[in-house]
Amino acid sequence: MPKDMVWWMCKNFANEVADFVVLILPVTTNYLYLFVKLKSLGSEDLKLYCLISGDLVVEGKMMIYILLAFVALQLTPTTLAQYRDVLDPCSPSPCGPNTHCSVNAGGAAVCRCLPGNFPKPDTITGCGPQCTSDYECRSHERCYGSKCVSACDPSPCGVNADCESYNHKSICKCLRGYTGDPFVQCAQQSPIARRIISVPNTQALASYSNPCSPSPCGTNANCHVSGDRPVCTCAPGHQGNPLTYCSRGECSSNSECPSFKVCENFNCVNPCSTACGPNAACDVRNHIPVCSCPPGYTGDPVRHCRVYDENELCNPSPCGVNTKCRVENGRAICSCAPSFFGNPLTGCRHECERDSECGPSESCIQFKCKNPCSPSPCGQYATCDVRGHVAVCKCPQDYLGDPNVRCFPECTSHAECPGNLACIGLKCADPCKGACGVNADCRVDRSNHKAICSCPKGFTGHPFQECRRFTPADLCQPNPCGANAVCNPGHDNSGRERPVCTCPSGYIGDALKYCSRGECVTDSDCGPSRSCSNYNCINPCANACGVNANCEVRNHGAVCSCPRGFRGDPFTQCTSDPARGKRQSVASNSTLTAEPKKD
């Protein structure tokens, strides 16, 4: 399709859609990805991946049919560099773990392992340590610091000893002709246990400058001088008698043997014959013996495989100190031992080892923080306080005794105190102290140990409050008279001051006991036939007239008169007078006869 036609179609497509975004992602030097994001007609986002090679791939739910052509452009390096900044091929990174992603000159992502890591098996999958165990290295190497290094580097051997690597381990041997501890030092043997060439006498030997020229050794043997003597050894890859003939071995390296064998002493042998321990399974992989314990067995396959016992999960215990290990469902479960707490995987400890590890009011008792006063170590009735993590015993206030044994009060009743003292606040004290008022006298009643307060002579007042000098007015304070009576200071017959009690006006009765209000004050308060006497309405004729006298009440007063036939003082005595009585009788009759004449 012509390039102009393609751009025309893209232009018209962009004019029809409201939201049109083109992102250009470099793939190779000459190709692009066109990512077109569309939002229209309420449809989902449509993703169109257009490969410049001519294929159209459409992903997403289409709401309209779109025909989009794309262009193969031969871009210049300058144009391409501008597009590389739009999207980074390393974001997101296509590389695996422990890798670093970088972009090469062609715009492609390049994955490399981080320092100290190796492809596992490639950088796309990820990188990791070269090894985690010896069996991931070659037989003459061991895993050290996550890298495969020579088992003899550094050499663990002593002086005059050689180190050989075998099955990932270093083997020390004394040099030929030497003996001793190869891990410490090897000394030269005496006599030398080596095969040497018979040499001519000293005079003949002096005529040769090099004892190995010509070589006295056999076929395929090498000659070297040691102490002015020729020493014959078979050439590498050969074996036999170096004095006569050395034949070529089966191999000189593992590569010359099948993958399931190794080259040992110039012969291809099965490494499993000596590589693994008893009961172990052996599998040779690329000349390397791989040992493993079969199902139902456990242990170090290089040394020994034994029947698996799940209790071995706790022997040795994987738990920390002061813990218990038990096996459940094939797993070792760690827990703290009784009275211990913490992380059983790292170790458990007591709640405390010393008082300073507890709060200020607690002590470390049997490795636990407890209140040293609970239970109380003190004696009976003693109180316990914690000071500096220590229980301090003391007797309560006013108590006596040893707080560590028993505290007791000085007294609990008055009877336990002397007669002049009383039991106050569990102590024997003077009951008069603070008991009486100002200026009052106090004495202790020895029979009941109580304070008796009184005002001294010449004083008066309330002895429990205040005593003051006596005045005449105090004779009537408080009033010693009866109810409704009036008290006035006075004197008795001897002239001593004393209170005088009288009933007030209008009252009657015994002033020392009770004065009651009277029946009357004046005669008008009484009836016409009675008079008021001593505040009582009485008959005025009572005891008013003399003997034989008549009494008549008139206006509240008594009128006395002698009766007919009597004469005398009616207020004293009336005596009989017959003559007068006769005259009075005649006069009375005359009066009665004459009265009708008045009509």
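Quick note: residue numbers are just sequence positions, from 1.
- With rounding to the nearest 0.5 Å, the separation of OG in S516 from CD1 in I508 is 4.5 Å.
- Checked against the 2.5 Å cut-off, the SG-SG distance between C476 and C487 falls under it.
- Per the SG-SG cut-off, C334 and C325 are not bridged by a disulfide [distance not under 2.5 Å].
- Side-chain contact, N371 with S374: no donor N or O sits under 3.5 Å from an acceptor N or O.
- Between C393 and C384, the two SG sulfurs stay at or beyond 2.5 Å from each other.
- A disulfide is assigned to C453 and C436, since their SG atoms are nearer than 2.5 Å.
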### Query
When you look at H304 and N279, which way does the side chain to side chain contact (heavy atoms under 4.5 Å, CB included) test go after all the steps?
CA-CA 7 Å; H304 176 69; N279 301 324; 3.6 Å; yes

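- The residues D474 and R468 are annotated as salt-bridged, a charged nitrogen and a carboxylate oxygen being separated by less than 4.0 angstrom.
- C358-C369 SG separation is under 2.5 Å; the pair is scored as a disulfide.
- At least 2.5 Å separates the SG atom of C157 from that of C163.
- Taken together, C90 and C95 fail the criterion of an SG-SG distance shorter than 2.5 Å.
- In this view, R496 and D492 satisfy the salt bridge (charged side-chain N to carboxylate O under 4.0 Å, His left out) rule, not counting sequence neighbours.
- As summarised for C520 and C537, their two SG atoms remain at a distance no smaller than 2.5 angstrom, missing the threshold.
- The SG atom of C526 sits 6.0 Å away from the CD atom of E519 when rounded to the nearest 0.5 Å.
- Less than 2.5 Å separates the SG atom of C305 from that of C293.
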### Task
Please report the C-alpha distance between L421 and H449 in whole Å, then the side-chain angles of each, then the deciding distance to 0.1 Å, and finally whether the side chain to side chain contact (heavy atoms under 4.5 Å, CB included) criterion is met.
CA-CA 6 Å; L421 299 177; H449 303 269; 5.7 Å; no

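- Taken together, C545 and C551 fail the criterion of an SG-SG distance shorter than 2.5 Å.
- Note on residues 322-349: pairs passing ring pair (Phe, Tyr, Trp, His ring centres under 6.0 Å), not counting sequence neighbours, are F340-H350.
- Within the 4.5 Å cutoff, no side-chain heavy atoms of E351 are placed close to those of F367.
- Contacts of F464 classified as ring pair (Phe, Tyr, Trp, His ring centres under 6.0 Å), with partners at least two apart in sequence or in another chain: H462.
- Taken as a pair, C148 and C137 meet the criterion of an SG-SG distance shorter than 2.5 angstrom.
- A donor-acceptor pair shorter than 3.5 Å cannot be found between the side chains of R112 and T99.
- Disulfide check for C411/C423 passes, with the SG atoms closer than 2.5 Å.
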